[in-house]
Amino acid sequence: MRYSIFSLAKNAWSGHKNWKPAWREPEPKSSYDVVIVGGGGHGLSTAYYLAKEHGITNVAVLEKSWLGSGNIGRNTTIIRSNYMLPGNEPFYEKSLQLWEGLEQDFNFNAMISQRGIMNLYHSDAQRDGFARRGNAMRIHGVDAELLDREQVREMVPFLDFDNARFPIQGALIQRRGGTVRHDAVAWGFARGADSRGVDIIQNCEVQGIKIENGKVLGVETSRGSIGCNKLALCAAGNSSEVAAMAGMKLPLESHVLQAFVSEGLKPYIPNVVTFGAGHFYVSQSNKGGLVFGGDLDGYNSYARRGNLPTVEHVIEAGVSMIPGLSRIKVLRSWGGIMDMSMDGTPIIDKTHIPNMYLNCGWCYGGFKATPASGWCYAYTIANDRPHEFNSLMRLDRFRTGYTVDEKGAGAQPNLH
Amino acid sequence: MRIKCPYCGERPNEEFTCLGDASLKRPTSNEPDTMDEWFDYVYIRDNLKGRMHEHWHHSGGCRSWLVVDRDTETHEIFGVTTARDYNAKGKV
Ligand SMILES: Cc1cc2nc3c(=O)[nH]c(=O)nc-3n(C[C@H](O)[C@H](O)[C@H](O)COP(=O)(O)OP(=O)(O)OC[C@H]3O[C@@H](n4cnc5c(N)ncnc54)[C@H](O)[C@@H]3O)c2cc1C
Ligand SMILES: [Zn+2]
């Protein structure tokens with residue numbers, strides 16, 4: 001069924017009791033053309049675009065837990081394409097363009113809100129750095145504007161402009177950036193893939209990968225063995241564990257990133273504001289809660305919860321940027337496991353096994369990439385070669401020296 | 001998470017900086033045919049889920065380099081020793 005004003009009206013008449021589930025709960029078949037490991041945002045969007053763009057519908061998405069239990073349901077929902085390097089910017093801009101048409105495309109309300117993202121700067125050097133980034137974006141045809149202090153004040157007057165350590169000089173703004181309802185992205189892609197024939201199989205953990213004569217035959221799962229012609233790994237924070245089942249070691253470390261939400265407030269913060277110098281960023285959800293976060297805890301973790309020093313640090317940074325925050329109560333905090341790559345850039349590529357593919361290394365920025373990641377990964381799987389947009393997101397770039405080091409921080413996953 | 005520094009006693013983790021996997025061995029040769037070893041050392045990680053040995057620096061304390069035996073799933077710490085002793089004994 002298509003969701004529309006008419007289906008809404010019709011179901012309202014029957015007290016909303018007759019809505020059908022948005023996707024089926026099928027038993028796994030004995031084999032598929034493509035098996036995708038991981039039902040996060042990227043696995044689901046890969047399945048969706050495989051079906052929609054390439055007509056490959058004999059596909060299963062295997063998710064070890066429930067759909068949306070991973071980072072797709074834990075992130076702070078920011079989308080943007082304010083990158084600088086050639087390997088990144090066309091990809092993230094493709095993603096932003098897919099976001100712009102996504103709700104019509106998959107017929108689901110994902111509350112995409114292009115409220116703008118503002119990165120504050122506090123010194124001449126930082127302004128020059130942002131001007132350079134903004135110019136690089138504009139060369140790629142992407143919107144970027146450098147705001148001065150008064151222009152920032154007009155939009156967000158409640159910041160501490162005269163902070164002694166980080167006085168605000170201005171900001172780089174991308175007005176097309178914004179926020180999205182993250183769970184709805186998982187649900188929308190799941191529904192869109194399911195309705196085209198993809199089997200979404202929850203509570204199905206991949207525990208082994210069967211390889212014979214250098215080719216993948218299938219996977220062993222908690223719900224039995226499942227054969228496949230092609231295997232697509234898409235396990236985000238658990239990528240190293242899954243790749244190890246095929247004897248691969250990856251250039252990744254798994255780290256915990258925390259996020260927070262406050263009690264609901266009246267409209268307060270109109271856009272996304274990032275205070276990079278202090279490790280803090282914030283936006284306001286449609287329900288009114290302030291959604292905010294900071295940096296990694298800084299040690300390897302698979303625990304999906306962090307430690308209190310990071311909580312304190314994030315909140316101190318927040319209060320120093322927005323003094324009014326000190327009066328607001330925090331409702332919840334949580335953590336997610338980030339697949340930190342060694343140059344801060346993801347990997348969407350083939351592997352040394354001819355029918356196995358790899359999608360990982362999203363660091364803390366993979367939500368915004370969800371549509372383009374699935375779109376490019378589906379292309380790579382269907383055509384057995386990367387698309388131009390992911391042509392530099394290669395696994396071998398660390399060996400060949402062609403890293404895509406957006407922040408220039410080098411081979412230290414906790415610096416990105 | 002509290003780490004028991006052999007010199008300073010049990011201290012909160014914000015006094016420490018984590019460098020990561022302590023099992024990595026820096027290659028000693030610069031010969032071109034050791035590139036693979038360098039590549040593994042710089043970029044490739046076991047990224048263990050469970051117990052692992054890690055380098056931690058007591059940067060906000062005595063500034064010693066330590067090796068911590070820690071579970072990455074639970075954050076439980078099983079033992080701490082100095083990097084010097086770890087290298088001599090090969091264990092925490
Ligand atoms: C606190 C936080 C804030 C963030 N904020 C932002 C943001 O503002 N903007 C942004 O762009 N990005 C953000 N991110 C990053 C973003 O959420 C991730 O990069 C992205 O969601 C990762 O891709 P995914 O959705 O496919 O991951 P996931 O949803 O984690 O999907 C991976 C799935 O694989 C499954 N899996 C793992 N192992 C197996 C197995 N063996 N068998 C079967 N299934 C398995 C997992 O259960 C999981 O569901 C944030 C992340 C966190 C944690
Ligand atoms: Zn000490």
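So that the names make sense, note that chain A is the first sequence line, chain B the second, and so on, each numbered from 1.
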Any heavy-atom pair between the side chains of [Y] and [X] that's under 4.5 Å?
X: E14(B); Y: T310(A); answer: no
X: M342(A); Y: I44(B); answer: no
X: M52(B); Y: N300(A); answer: yes
X: D46(B); Y: K249(A); answer: yes
X: P309(A); Y: N13(B); answer: yes

Tell me, for [X] versus chain B, whether the close heavy atoms (under 4.5 Å) come from the side chain, the backbone, both or neither.
X: R304(A); result: neither
X: E241(A); result: side chain
X: T403(A); result: side chain

Q: Look at the aromatic rings of Y299(A) and H75(B) and report parallel, tilted or perpendicular, splitting at 30° and 60°.
A: perpendicular

(Q) Looking at R2(B), I want to see if its CZ is surrounded by more than 12 non-hydrogen atoms of other residues, nucleotides or ligands under 6.0 Å. (A)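 Enclosed.
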
Q: Mark yes when over 12 heavy atoms from residues, nucleotides or ligands other than F78(B) sit less than 6.0 Å from its CZ; otherwise mark no.
A: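 Above 12, so yes.
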
Q) Is there a donor-acceptor pair closer than 3.5 Å between any side-chain N or O of R45(B) and the backbone N or O of S240(A)? A)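 Side chain of R45(B) to backbone of S240(A), a donor-acceptor pair under 3.5 Å: no, none is there.
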
Q) Do you know the tightest heavy-atom contact between K49(B) and N238(A)? A) NZ-OD1, 3.1 Å

(Q) Looking at every heavy atom in both G298(A) and C18(B), which two are closest together, and how far apart are they? (A) O-CB, 3.4 Å

**Q.** Part of residues 85-92 of chain B lying next to chain A, heavy-atom separation under 4.5 Å
**A.**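 From residues 85-92 of chain B, none sit under 4.5 Å of chain A.
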
**Q.** Contact class of W38(B) relative to chain A, heavy atoms under 4.5 angstrom
**A.**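 Contact with chain A is absent: no heavy atom of W38(B) under 4.5 Å.
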
Q: Carefully, step by step, assess L19(B) and Q412(A) under the rule side-chain contact (heavy atoms from CB on, under 4.5 Å).
A: CA-CA 9 Å; L19(B) 186 72; Q412(A) 276 290 335; 4.2 Å; yes

Q. Step by step, would you call N47(B) with S254(A) a side chain to side chain donor-acceptor pair (under 3.5 Å)?
A. CA-CA 7 Å; N47(B) 197 15; S254(A) 294; 3.1 Å; yes

Q: Mind checking the CG-OH spacing from L252(A) to Y43(B)? Nearest 0.5 Å is all I need.
A: 13.5 Å

Q) Which residue pairs pass the salt bridge (charged side-chain N to carboxylate O under 4.0 Å, His left out) test when at least one of the two sits in residues 26-37 of chain B, sequence neighbours left out? A)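 Salt bridge (charged side-chain N to carboxylate O under 4.0 Å, His left out) check on residues 26-37 of chain B returns R399(A)-D36(B).
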
